[in-house]
Amino acid sequence: MKKFLLSFVLLAALASPAFTQEQPVRKWTARASAAYLPTVPAVASFFGALVGGIAISLNKDSNESLEIFMPPFFSVEALYSFNDMWSLGVDTGYCGSVFKIADKDTGDVSSTSFLTLIPLLVEGRCNYLNRPVVKLYGSLEAGAMFSVGDSFDVIPSFQLNPIGIELGRRFFALAELGIGFNYIGGRAGVGFRF
């Protein structure tokens, strides 16, 4: 009986690490973010509209004004983590702008131009600091941007985010600095790991 109890205690001691393991690594991450300084094509069209607005205002015979509406760039991502360092996923988003030429007195709109940009990118990410609550990373995205407006165009697209931070465990906040066709500058958002 003593040998049986001793072997049972020894077996339980050897098996105890299996029962005290940490939470499993969460493989999938979903993120949503926004950046106010939007895509490169939207900024280029903004400057084009700005030049048009200046031309309208310099025309003394014209009684028109240019109204510009540009919401923030929104993005949704899904990432699969292969290990603590490398992840791969997809990123899509939306950026739109509306340019209206209207009469200054009556407010009647004489011309409206829409620009809608939808990127679809493959994203690779490297975590260079991976702690339970804090992750520092860099990412590179490449793919295509679909431009829908007066015409339909497909533009090659890329995004480089050398500095990114996630704060939190399962639910987290994120901030990134980057340059590319999606946004220039910074973006912020939230995410969930499952």
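Excluded from the calculations below are hydrogen atoms, water molecules and symmetry mates; all remaining heavy atoms, backbone and side chain alike, are included. Keep in mind the model is a prediction, meaning the values are calculated, not measured.
- Under the 4.5 Å side-chain criterion, counting only non-hydrogen atoms from C-beta, L88 is in contact with V122.
- Between the side chains of N182 and S75, no donor-acceptor pair is found at a separation under 3.5 Å.
- One distance of note links SG of C126 with CG of L140; it measures 11.5 Å at 0.5 Å rounding.
- Aromatic ring pairs are classed by plane angle as parallel below 30°, tilted from 30° to 60° and perpendicular above 60°; the pair F82 and Y80 is perpendicular.
- Side chain of T92 to main chain of P119: a donor-acceptor pair is present (N/O by atom type, distance under 3.5 Å, no hydrogens or angles).
- Here the closest non-hydrogen pair linking Y128 and P162 is OH-O, 3.0 Å.
- Taking every heavy atom of both residues into account, A144 and S157 meet most closely at C-CB, 3.9 Å.
- Separation of atoms OG (S87) and CG (L79) is listed at 5.5 Å; rounding is to 0.5 Å.
- Residues L121 and V90 fail the side-chain proximity criterion, which asks for heavy atoms closer than 4.5 Å.
- Side-chain atoms of D153 never come within 3.5 Å of backbone atoms of S147 as a donor-acceptor pair (strictly under, hydrogens ignored).
- Side-chain contact between F73 and Y94 is absent, with no heavy atoms from C-beta onward closer than 4.5 Å.
- Put simply, the side chain of V133 reaches to within 4.5 Å of the side chain of R169, judged on heavy atoms.
- Taking the six-membered ring for Trp and thresholds of 30 and 60 degrees, F192 and F171 have ring planes inclined between 30 and 60 degrees apart.
- N161 places no side-chain N or O within 3.5 Å of a backbone atom of G138 that could act as its donor or acceptor partner.
- The side chain to side chain contact (heavy atoms under 4.5 Å, CB included) test applied to F172 returns T29, R31, E166, L174, R193, not counting sequence neighbours.
- The closest side-chain heavy-atom distance from T112 to F114 is below 4.5 Å.
- Remark: D91 CG to E123 CD distance equals 5.5 Å, nearest 0.5 Å.
- Between F146 and L117 there is no side-chain heavy-atom pair separated by less than 4.5 Å.
- A salt bridge is defined here as a Lys NZ or Arg NE, NH1 or NH2 lying under 4.0 Å from an Asp or Glu carboxylate O, and E176 with K135 fails to meet this definition.
- Here the CD atom belonging to E77 is positioned 7.0 Å from the OG atom belonging to S139, to the nearest 0.5 angstrom.
- Considering CG of L167 and CG of L136, their distance stands at 8.5 Å, rounded to 0.5 Å.
- Cluster annotation: M145 and F158 are assigned to the same hydrophobic cluster (Ile/Leu/Val/Met/Phe/Trp/Tyr, side-chain heavy-atom contacts under 4.5 Å, transitive).
- Cluster membership for V76 and F74, using ILVMFWY side-chain heavy atoms within less than 4.5 angstrom, is not shared.
- Within the 4.5 Å cutoff, the side chain of W86 has no heavy atoms near those of the R125 side chain.
- Pairing each heavy atom of D103 with each of D105, the nearest pair is OD1-N, 2.8 Å.
- Heavy atoms from other residues, nucleotides or ligands lying under 6.0 Å from CD1 of I179 number 12 at most.
- Between the N83 side chain and the M85 main chain, a donor and an acceptor come within less than 3.5 Å of each other.
- Note on I155: it does not cluster hydrophobically with F152, by side-chain heavy-atom contacts below 4.5 Å among ILVMFWY residues.
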